[in-house]
Amino acid sequence: MVAVISSTGIRLMPTSNYRARRLLKSGRAEIYKYRPIFTIRLLNRENGDTQPVEYKSDTGYQHVGISICSEKHEAVHEQRDMLKDETERHNDCRKYRRTRRNRLRYRKPRFNNRKGMVARDGFAPSLRNRRDTQAEVFRQYNEVIPITSAYFEMGMFDTQVLKALAEGKPLPEGTDYQHGEQYGFATLREAVFARDNYTCIICDRSAFKDGAVLHLHHLGYWKEKPDRSNRMSNLGTVCELCHTSANHQPGGKLFGLKPKLAGFKEASFMTSVRFNMLEKLKAVAPGMEVHMTYGAATKLARRNLHIGKTHANDAYCIGSFHPKHRCREQCFQKLRRNNRILSKFYDAKYVDIRDGSKKPGKALGCNRINRNIPRNNPENLRIYHGQKLTKGKTVVRKQHYNYRPHDIVYVDGVKYTVKGIISNGTRIALNERNPVSVNNVGRVIHTGGWHQYS
């Protein structure tokens, strides 16, 4: 479907692609905007009649389902995926800030003039971004479609009950909510060591029998989305002989270990921000009917309608309108608008004399975890350095280009997707064909932070 507004800016009912093309070719309409939905503006019509339209959203931590329906037609049916590595980016920024501040020795130390990122409204930056993104998408659709009511699925989850069900334990009651895993221990470190009986989970060396020096280890650090949370199920006891840099690399003893229990980030997110999110959504469209629903009602409606389980279908099942004329599902992935990495390091490559394979210098290091350990320690892998294939180098980006990955460009009237910039910005690499010169590119459509992948 195509959104329509009048010449005076009044939102009208969406129309079909066929009718929108006829209006554009005949000169009675013009293109108004491309995002979040293709919108045209009528040049010879100032107002018109509208019908009730429902905006329905299956809110979530990582995936958001959206469906916009009138009584007879569905105008939008899509799934939006949030950023995957936002927490890691914030952690990196925090690390860089601390490094810069430590180098500024000429400045007086300041400790009492920072309110902190969480103190703004009580939420961490990653949670705040996910909350505000859903409100922003609702605002963008409300600008071009005459939405009369909105429904949002926001459930409340008891993480203690979810954890007990996952572990096969009895459900918590009464004081069980106050007596957690760390109850009776002064520190988290002591609680983890006591749970593992002060024994290394890799080699079974004990602190009492063998005199092993124990360390806390995050089990899920190696995943695509690293799990560095400090919950006890993600922590393990490891001795100093196993807790080495080499064992953290692929093929090491610590690489591939799985947490004993999955986290409940999604459930905790929705439980903590749902009422605040509802206030933000109501502020987007004052006077509109905004309703909050729960997953149990959505599940029952989906079964009665006999449709499959997807986030977009869950959004379709919310509310009172379930038209038979539906749209094809579209999926969008949120992208970072800019790449702020100005300096990138490429490690040197060596031949491993043990098997003749090519490995980076990091994989053939001395593997000392502190300066008290000599370079020629038993874990030293520098002795296996063979021929040096490539030198290490640092590449500094000095120019900002107008084309970003996943942007849409037209070359000779054909639509392509940008892959990157090459030849010092003079040529554009495309996913569907060979690189072309920047001078041969016609119209450009920037993705605006969202990339359609289905």
Side-chain angles (χ1 to χ4, degrees), residues 3 11 14 36-37 52-71 73-83 121-124 126-159 264-305 307 309-323 326-327 329-332 334 450:
R11 300 166 299 170
I37 184 175
V53 178
E54 292 180 347
Y55 179 93
K56 302 179 289 185
S57 175
D58 176 24
T59 59
Y61 179 79
Q62 187 63 42
H63 307 286
V64 180
I66 299 174
S67 178
I68 302 178
C69 300
S70 63
E71 187 176 0
H73 298 277
E74 183 182 32
V76 175
H77 184 76
E78 66 184 25
Q79 172 183 318
R80 299 215 174 195
D81 301 336
M82 301 294 183
L83 290 173
D121 56 0
F123 298 102
S126 58
L127 302 184
R128 191 185 309 124
N129 176 265
R130 297 175 189 276
R131 177 202 63 189
D132 295 343
T133 298
Q134 303 192 48
E136 176 63 18
V137 173
F138 177 45
R139 183 195 64 80
Q140 292 177 356
Y141 276 117
N142 188 50
E143 286 183 349
V144 295
I145 298 179
I147 300 173
T148 56
S149 60
Y151 294 82
F152 298 90
E153 180 185 314
M154 302 178 186
M156 181 177 66
F157 304 92
D158 190 337
T159 55
F264 300 101
K265 293 189 298 184
E266 296 82 358
S268 301
F269 161 76
M270 187 53 61
T271 302
S272 60
V273 307
R274 62 190 188 118
F275 289 114
N276 186 265
M277 184 190 301
L278 187 62
E279 294 178 0
K280 296 287 184 181
L281 294 169
K282 289 182 178 180
V284 170
M288 183 185 299
E289 298 180 3
V290 179
H291 308 274
M292 182 171 63
T293 183
Y294 298 92
T298 304
K299 182 178 180 181
L300 180 61
R302 189 178 66 249
R303 288 182 176 179
N304 294 334
L305 294 173
I307 60 178
K309 165 66 178 176
T310 63
H311 296 282
N313 283 344
D314 283 351
Y316 170 80
C317 297
I318 301 172
S320 57
F321 291 159
H322 308 295
R326 302 187 61 188
C327 297
E329 180 175 343
Q330 295 180 330
C331 299
F332 297 89
K334 187 170 176 51
W450 294 97

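The analysis underlying the following values was restricted to heavy atoms, covering all of them including side chains, and did not include hydrogens, waters or symmetry mates.
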Return all side-chain donor-acceptor pairs below 3.5 angstrom for residues 289-296, not counting sequence neighbours, or 'none' if the list is empty.
none

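Between Ala315 and Asp58, the shortest heavy-atom distance links the atoms CB-N, 3.9 Å. Closest approach of Phe157 to Ala267, counting heavy atoms only: CB-CB, 3.6 Å. In plain terms, the two heavy atoms of Val53 and Pro146 that are nearest each other are CB-O, 3.4 Å. The nearest pair of heavy atoms linking Met154 to Leu281 is CE-CD1, 3.5 Å.
The shortest side-chain heavy-atom distance between Cys69 and Glu74 falls under the 4.5 Å cut-off. The closest side-chain heavy-atom distance from Tyr61 to Met82 is not below 4.5 Å. Side-chain contact between Ile68 and Tyr316: absent, with no pair of heavy atoms (C-beta onward) separated by less than 4.5 Å. Annotation: side chain of Val76 is not in contact with side chain of Cys327 (no heavy-atom distance under 4.5 Å). Residues Phe138 and Ser57 fail the side-chain proximity criterion, which asks for heavy atoms closer than 4.5 Å. A heavy-atom distance below 4.5 Å is found between the side chains of Val64 and Gln134. In this structure, Asn276 and Lys280 have side chains that are in contact, with non-hydrogen atoms separated by less than 4.5 Å.
Although no hydrogens or angles enter the test, the distance criterion places a donor-acceptor pair under 3.5 Å between the side chain of Lys56 and the main chain of Phe321. Ser272 contributes a side-chain N or O that, together with a main-chain N or O of Phe269, makes up a donor-acceptor pair within less than 3.5 Å.
Separation of atoms CD (Glu153) and NZ (Lys299) is listed at 12.0 Å; rounding is to 0.5 Å. From Thr59, atom OG1 reaches atom CZ of Arg274 across 10.5 Å, with rounding to the nearest 0.5 Å. Remark: Ser126 OG to Lys265 NZ distance equals 8.5 Å, nearest 0.5 Å. Lys334 NZ to Gln62 CD: the interatomic distance, rounded to the nearest 0.5 Å, is 12.0 Å. To the nearest 0.5 Å, atoms CD (Glu266) and OG1 (Thr159) are separated by 12.5 Å. Summarising the geometry, atom CG belonging to Asp132 is positioned 12.0 Å from atom CZ belonging to Arg130; distances are rounded to the nearest 0.5 Å.
Residues passing the side chain to side chain donor-acceptor pair (under 3.5 Å) test with Ser320, sequence neighbours excluded: Glu54.
A donor atom on one side chain and an acceptor atom on the other are found under 3.5 Å apart for Gln79 and Asp81. Side-chain N/O atoms of Arg326 and Asn313 include a donor and acceptor closer than 3.5 Å.
Using a cutoff of 4.0 Å between basic side-chain nitrogens and carboxylate oxygens, Asp314 and Lys309 are scored as salt-bridged.
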- Might you work through the side-chain contact (heavy atoms from CB on, under 4.5 Å) test for Ser67 and Ile318, ending with a clear yes or no? CA-CA 9 Å; Ser67 178; Ile318 301 172; over 6 Å; no

- Item | Stepwise side-chain contact (heavy atoms from CB on, under 4.5 Å) test for Trp450 and Thr133 | CA-CA 11 Å; Trp450 294 97; Thr133 298; 3.7 Å; yes

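The side-chain hydrogen bond (donor to acceptor under 3.5 Å, both in side chains) analysis of residues 142-151, with sequence neighbours excluded, yields the pairs Arg11-Asn142, Arg139-Glu143.
Annotation: cation-pi geometry satisfied between Arg80 and Phe332 (NZ/CZ under 6.0 angstrom from ring centroid, within 45° of ring axis).
Ring geometry for Tyr55 against Phe152 counts as tilted: the plane angle lies between 30° and 60°, on a 0 to 90° scale.
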